[in-house]
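Comments concern the structure below.
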Amino acid sequence: MGLYEDVERVLISEAELKARVAELGAQINALYSDEDRPLLVCVLKGAFIFLADLVRHLRIRHEIDFMEISSYGKGTASSGVVRILLDLEQNIEGRHVLVVEDIVDSGRTLDYITRNLRTRGPASLRVCTLLSKPARREIDIPLDFVGFEVPNEFVAGYGLDFAEEYRNLPFIGVLKASVMAGL
Ligand code: PRP
């Protein structure tokens, strides 16, 4: 069907994602204890599939919450100004917080989120991202867990969109140039 015909190539297969997400889950299990009861903060919308798969590998007690941040306009001269569209339900003071992202690109979104959350007094604040695109980094944010480093190409699938579509692809792929150009 049309959606799959728009894919130029698969960058990270479904099987590779599955294996790596299981490894990340094991690392998170090893880092936190039941007593820590970490709060996993899913950054919407891109991280929703990653979070859903990741938590099924967790054996420690934990909770989840959601945040959504406005996009600041990619590929344009960015002011770096972002704002919160949806905030956490939970008070994170004294909590162990693990931010779950799909991709860190320039680092601006994560910089904003971590600075914002830190003002709320969490016991600890760590970051788990499925993908990191170091070639595009503008702000250096420490990443505690990284699934894969990806080259400087636009990627979609497994939660990541192009113009709000393709999030359902079960792999991370590169779309055809004609699709990206809107042809
Ligand atoms: C993506 C992604 C990160 C951010 C990374 O979100 O989910 O939050 O961009 O880019 P940065 O490091 O350059 O800030 P997007 O704005 O595409 O929203 P979405 O998750 O709702 O698709």
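Not measured: the values here are computed from a predicted model. For ligands, and for the atoms within them, numbers begin at 1 and follow the listed sequence.
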Checklist entry - Between Gly107 and ligand 1, does any nitrogen or oxygen pair lie at a separation below 3.5 Å? => result yes
Checklist entry - Is Asp102 touching ligand 1 with its side chain, its backbone, both, or neither, if touching means heavy atoms under 4.0 Å apart? => result side chain
Checklist entry - Just one of Leu31, Thr114, Ile28 clears the side-chain contact (heavy atoms from CB on, under 4.5 Å) bar with Arg126, so which one? => result Leu31
Checklist entry - Can you find a non-hydrogen atom of Leu44 under 4.0 Å from ligand 1? => result yes
Checklist entry - Is Lys45 salt-bridged to Glu164, going by a charged N under 4.0 Å from an acidic O? => result yes
Checklist entry - Would you find a donor on one side and an acceptor on the other, under 3.5 Å apart, between the side chain of Asn152 and the backbone of Ala135? => result no
Next on the checklist: At less than 4.0 angstrom from any non-hydrogen atom of Gly46, what atoms of ligand 1 do you find?
Outcome noted: 19 (P), 20 (O), 21 (O)
Next on the checklist: I'd like to know if the side chain of Arg56 reaches the main chain of Ala52, judged simply by a donor and an acceptor atom lying under 3.5 Å from each other, with no hydrogens or angles considered.
Outcome noted: yes
Checklist entry - For Glu68, is the nearest heavy atom under 4.0 Å from an atom of ligand 1? => result no
Checklist entry - Which of the atoms in ligand 1, numbered in the order shown and given with their element, are less than 4.0 Å from a heavy-atom of Glu101? => result 2 (C), 3 (C), 7 (O), 8 (O)
Checklist entry - What part of Ile69 sits under 4.0 Å from ligand 1 if we count only heavy atoms: the side chain, the backbone, both or neither? => result neither
Next on the checklist: Check this for me, if you would: do Lys176 and Asp6 make a salt bridge, where the nitrogen-to-carboxylate-oxygen distance has to be below 4.0 angstrom?
Outcome noted: no
Checklist entry - Does Arg137 CZ have over 12 foreign heavy atoms under 6.0 Å away? => result yes
Checklist entry - Is any NZ, NE, NH1 or NH2 atom of the basic residue among Arg95 and Glu63 found under 4.0 Å from an Asp or Glu carboxylate oxygen of the other? => result yes
Checklist entry - Using heavy atoms and a threshold below 4.0 Å, how should the contact between Arg167 and ligand 1 be classified: side chain, backbone, both, or neither? => result side chain
Checklist entry - Any idea which atoms of ligand 1 are less than 4.0 Å away from a heavy-atom of Lys45? => result 19 (P), 20 (O), 21 (O)
Item to check | Enumerated ligand 1 atoms positioned under 4.0 Å from heavy atoms of Asp161 | outcome: 22 (O)
Checklist entry - Relative to the heavy atoms of Ser106, which atoms of ligand 1 are at a distance of less than 4.0 Å? => result 11 (P), 12 (O), 13 (O), 14 (O)
Next on the checklist: As a test of understanding, state which of Asp53, Asp102, Asn168 forms a side-chain hydrogen bond (donor to acceptor under 3.5 Å, both in side chains) with Tyr158.
Outcome noted: Asp53
Checklist entry - Just distances here: any N/O of Ile103 and N/O of ligand 1 closer than 3.5 Å? => result no
